[in-house]
Number of protein chains: 2
Amino acid sequence: MRLSTRGRYGVKAMFDLALNSSDEPVSIKSIAERQGLSEAYLEQLMAGLRKAGLVKSVRGAQGGYVLSDSPDKITVGDIIRSLEGSMAPVDCVIEDEETNCEKAEYCVTRLVWERIRDSINQVVDSITLQDMIEDYKRLHQRKAKNED
Amino acid sequence: MRLSTRGRYGVKAMFDLALNSSDEPVSIKSIAERQGLSEAYLEQLMAGLRKAGLVKSVRGAQGGYVLSDSPDKITVGDIIRSLEGSMAPVDCVIEDEETNCEKAEYCVTRLVWERIRDSINQVVDSITLQDMIEDYKRLHQRKAKNED
DNA sequence: TTTAAAACCGAGTAATTTACTCGGCTTTCT
DNA sequence: AGAAAGCCGAGTAAATTACTCGGTTTTAAA
């Protein structure tokens, strides 16, 4: 049940974008540097995020990426699902996909998988980039205090 | 974030065991038949469940497996974790494993992973084999009604 | 006491997935 | 014109998954 690097790096990158956003777009290079990711790989992920409509790209020199919406409107769930697909723990409970299992209606384990899926969706959809920014500020404040 | 077949088959097998348990042990062969699983593969999984202490084995002819505890004491979480390991979405938040990431204390994404992990644990630990048996009975009752 | 039914065990393996890299093309600012 | 960026498709080594197989040991029953 591990997330792949796509989801992990994707969340990191989007957080970085949220934290470092201004009116100028942010380049893959700078995100990759700050977050310690491979540029070429991150490029793939950004393509996915763009196709999902979570970021907008600006081509050409001085180009880069910007969030499509404000940080409090983008959730961790949006990010992970756009890069990894459904959070369903098994294929037969992927949302909006009719299952080809004819026993589905009377399947007990199916109920279990649905509950797991729903609970994961609930957490990831409840965490926005804004929440992460606030956590970040809190942690840094405390860090500064500790280092006195 | 899919479960592997180990976890899926494991839950199925344990449910089967709970449902078909009497004073006689239940053989791998019969579980595999009812659940449509490969005998040889299921054998591996049962070994894992035995090592985790969830089932006890009876060797020799007429042997098989029995639950180590009553169905209301065994959770889906126990089963999945014993076959797949921690439900942590990333390695750095596996329970009882100190992380080698020195930024851990100030890591924002880490907080996200912890929340996901905790929420998954909470659901899977809240579902017992007894719950599944009751779901099964409910579904079958309704099925019988529908088929009138 | 033989036989057969079962669990136990370790090793091997094909297929799939993951986590990338690479090279070239296009766009656009300076 | 040149450089800095994004865009795109293909390729690949390593890891993981989902198994299988062959043999050993144990034990109930005929």
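Scope of the values below: all heavy atoms of this structure, side chains included, with no hydrogens, waters or symmetry mates. Chain naming here is simple, since letters A, B, ... match the order of the sequence lines and numbering starts at 1 in each.
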- Item | Atom-pair distance (CG on Leu45(A); C1' on dG6(D)), nearest Å | 14 Å
- Message: Quick one, Val58(B) and Glu24(B) - any side-chain contact, counting heavy atoms below 4.5 Å?
- Response: no
- Message: Measuring only between side-chain heavy atoms, which start at C-beta, is Leu49(A) closer than 4.5 Å to Ser82(A)?
- Response: yes
- Hey, is the side chain of Arg2(A) poking within less than 4.0 Å of OP1 or OP2 on dT17(C), counting only N and O atoms? no
- Message: Please tell me if Ser4(B) has a side-chain N or O lying less than 4.0 Å from either OP1 or OP2 of dT17(D).
- Response: no
- Message: Does a side-chain N or O of Tyr9(B) approach OP1 or OP2 of dC19(D) to a distance below 4.0 Å, or not?
- Response: yes
- Note on the structure: Here the distance between atom P of dA7(C) and atom CD of Glu24(B), to the nearest Å, is 14 Å
- Query: dC19(D) P sits how many Å from Ile28(B) CD1, rounded?
  - Reply: 15 Å
- Using atom CD1 of Ile31(A) as one end and atom C1' of dG6(D) as the other, report the distance to the nearest whole Å. 12 Å
- Testing dG6(D), dA28(D), dC21(D) for proximity to the side chain of Ser57(A), the answer is dG6(D)
- Query: Once you round to the nearest 0.5 Å, how far does CG of Asp131(A) lie from OG of Ser126(A)?
  - Reply: 7.5 Å
- Leu42(B) CG to dC21(D) C1', straight-line distance once rounded to whole Å: 16 Å
- Toward the 5' end of DNA chain C, which comes first, Leu3(A) or Gly60(B), by nearest nucleotide? Gly60(B)
- Message: Counting only side-chain heavy atoms from C-beta out, which of dT21(C), dT20(D), dC8(C) sits nearest to Ser38(A)?
- Response: dT21(C)
- Task: Could you check Lys51(B) against Lys29(B) and say which one's nearest nucleotide on DNA chain C is further toward the 5' end?
- Result: Lys29(B)
- Message: Nearest whole Å is fine: how far is dC8(D) C1' from Gln44(A) CD?
- Response: 10 Å
- Query: When only distance counts, do a donor and an acceptor, one from the side chain of Glu39(A) and one from the base of dT21(C), lie under 3.5 Å apart?
  - Reply: no
- Hey, which sits more toward the 5' end of DNA chain D by its nearest nucleotide, Arg6(B) or Gln62(A)? Gln62(A)
- Query: Counting only side-chain N and O atoms of Thr5(A), is one of them less than 4.0 Å from OP1 or OP2 of dA19(C)?
  - Reply: yes
- Message: Rounding to an integer number of Å, can you tell me how far Glu33(B) CD sits from dA6(C) P?
- Response: 10 Å
- Please confirm whether any donor atom in the side chain of Arg59(A) sits under 3.5 Å from an acceptor in the base of dT26(C), or the reverse. yes
- Query: Roughly, in whole Å, what's the span from CG in Asp91(B) to C1' in dA15(D)?
  - Reply: 13 Å
- Task: Give the C-alpha distance, both sets of side-chain angles, the deciding distance and a yes or no for salt bridge (Lys or Arg N to Asp or Glu O under 4.0 Å) between Asp135(A) and Arg138(A).
- Result: CA-CA 5 Å; Asp135(A) 281 344; Arg138(A) 266 218 326 279; 3.2 Å; yes
- Task: Look at the side chain of Glu43(B) and the base of dT20(D), then say whether one donor and one acceptor between them are separated by less than 3.5 Å.
- Result: no
- Message: Any heavy-atom pair between the side chains of Leu42(A) and Gln35(A) that's under 4.5 Å?
- Response: no
- Indicate whether OP1 or OP2 belonging to dA5(C) is found under 4.0 Å from a side-chain N or O atom of Ser27(B). no
- Tyr41(B) side chain N/O closer than 4.0 Å to the phosphate oxygens (OP1, OP2) of dC21(D)? no
- Using a 4.0 Å heavy-atom cut-off across all strands, classify Gly63(A) as base, sugar-phosphate, or nothing. sugar-phosphate
- Query: OP1, OP2 of dC8(C) versus side-chain N and O of Arg50(B): anything below 4.0 Å?
  - Reply: yes
- Please indicate whether Glu95(A) has more than 12 foreign heavy atoms, meaning atoms of other residues, nucleotides or ligands, lying under 6.0 Å from its CD. yes
